[in-house]
Protein chains: 2
Amino acid sequence: MVGDVLSKACSYGLRAVISLAMRQESSYQPIRELSTTLGISFHFLTKILQQLTDAGILVSQKGPKGGVALAVDASRVSVYDIVIAIDGSGAFTACILGLPGCGSRVPCPLHEQWAEERLRIEAMMKEESIDGLAHEVSSRRLRLGP
Amino acid sequence: MVGDVLSKACSYGLRAVISLAMRQESSYQPIRELSTTLGISFHFLTKILQQLTDAGILVSQKGPKGGVALAVDASRVSVYDIVIAIDGSGAFTACILGLPGCGSRVPCPLHEQWAEERLRIEAMMKEESIDGLAHEVSSRRLRLGP
DNA sequence: CGTATTTCGGACTCTGTTGTCTTAAATTAA
DNA sequence: TTAATTTAAGACAACAGAGTCCGAAATACG
């Protein structure tokens with residue numbers, strides 16, 4: 001349904017990355033800490049953050065004092081980057097009626113209408129930086145967890 | 001991911017209803033015909049169309065010469081009506097980060113941005129009538145099946 | 001070196017959606 | 001009435017996403 005635009009893995013990843021961006025210290029943050037703060041299963045979150053590490057968005061460190069940290073400045077990471085890293089590059093190309101090969105040549109009857117909305121969503125996600133969201137959460141005391 | 005805004009059940013239902021609206025004859029159309037034309041599993045489509053019958057969007061008739069038909073004029077049925085009937089009334093209210101109780105009082109950092117997009121999608125789906133889409137498919141020879 | 005800590009990697013279970021199958025009930029027509 | 005056709009209803013299987021669990025590898029520290 002509308003609202004399932006992001007997989008759970010993706011929304012978990014987003015919340016974790018925003019959380020990391022809010023962190024003052026420059027040290028690594030253990031995934032266990034993140035998982036308890038955000039109320040997300042530790043092992044599940046571990047896998048998701050591994051994907052972000054593979055994608056070059058995070059860096060990780062094993063052992064004591066280990067954990068994860070942002071690999072680049074939070075102002076240079078967008079919501080879009082996280083979505084692509086976790087849900088894959090096909091996340092913004094699917095037909096709303098699920099017709100295979102629906103495109104501008106042989107479109108479904110909702111193709112143009114949906115393409116417009118999808119482009120707006122894509123633009124919005126490219127616009128929103130992790131840094132900006134982290135500041136919003138700090139200043140307006142918004143929620144990231146339960 | 002983006003593109004999974006509608007469940008498969010919902011997109012199947014939409015395609016079937018548009019197909020019904022394109023029909024010239026005023027008789028019932030057997031679900032079996034619809035399922036073969038659209039390339040959808042017969043039994044699965046049967047269940048979905050039952051939901052639309054329960055919702056008062058279709059009428060059904062058992063036995064020979066039976067099948068389903070639109071209960072009201074196609075111009076008075078919108079895409080939104082179908083989505084609500086199949087995916088439920090909560091289809092347009094979920095938080096994009098999956099936070100329970102995310103609302104204007106205690107929002108997630110993407111609440112306002114997503115609310116805007118969601119409202120646009122809702123408006124688009126209310127705007128698009130089954131009748132209009134059916135005519136589009138006829139005149140522009142668009143696809144509803146594989 | 002040895003131990004504790006932490007990510008990495010794989011295998012596994014659980015759950016909701018999708019899809020299949022079988023039987024019952026209703027309706028038409030001979 | 002009987003037979004054929006079609007939806008209704010429910011049980012069941014297959015699949016994917018979500019979540020759990022266990023051991024291996026790396027690292028810091030005594």
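In this structure, B/K8 NZ and B/F44 CZ are separated by 8.5 Å, a value rounded to the nearest 0.5 Å. Note that the CZ atom of B/R143 and the CZ atom of A/R105 stand 10.5 Å from one another [nearest 0.5 Å].
The shortest side-chain heavy-atom distance between B/R120 and A/E116 falls under the 4.5 Å cut-off.
Atom CD of A/E33 sits in a crowded spot, with more than 12 heavy atoms from other residues, nucleotides or ligands closer than 6.0 Å.
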>> I'd like to know whether A/E25 forms a salt bridge (Lys or Arg N to Asp or Glu O under 4.0 Å) with A/K65, so could you lay out the CA-CA distance, the side-chain angles of the two residues, the decisive distance to 0.1 Å, and finally the verdict.
In response: CA-CA 12 Å; A/E25 305 112 81; A/K65 307 235 173 185; over 6 Å; no

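Using modelled atom types, one side-chain atom of B/S35 and one backbone atom of B/R32 make a donor-acceptor pair closer than 3.5 Å. Listed for the A/R118 side chain is a donor-acceptor partner under 3.5 Å among the backbone atoms of A/F92.
Bracketed by its first and final contacts, the part of DNA chain D lying under 4.0 Å from non-hydrogen atoms of chain A reaches from D/dA18 to D/dC29 in 5' to 3' order.
For the helix from C/dC1-D/dG30 to C/dA30-D/dT1, the end axes, each set by the C1' atoms of five terminal pairs, are bent relative to each other by 0° (nearest 10°).
Side-chain polar atoms of A/S129 and A/D131 form no donor-acceptor pair below 3.5 angstrom.
For the side-chain contact (heavy atoms from CB on, under 4.5 Å) with A/V17, the qualifying choice from A/L52, A/V79, A/V68 is A/L52, the only one to do so. Screening B/I84, B/I82, B/V83 against B/Y80 for a side-chain contact (heavy atoms from CB on, under 4.5 Å) leaves a single residue, B/I84.
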Nucleotide N/O of nucleotides 4-11 of chain C paired with protein N/O under 3.5 Å:
residue : atom : partner : partner atom : Å
C/dT6   : O4'  : A/G63   : O            : 3.3
C/dT6   : O2   : A/G63   : N            : 3.3
C/dT7   : OP1  : A/I31   : N            : 2.6
C/dT7   : O3'  : A/S60   : OG           : 3.3
C/dC8   : OP1  : A/S60   : OG           : 2.5
C/dA11  : N6   : A/K47   : NZ           : 2.6

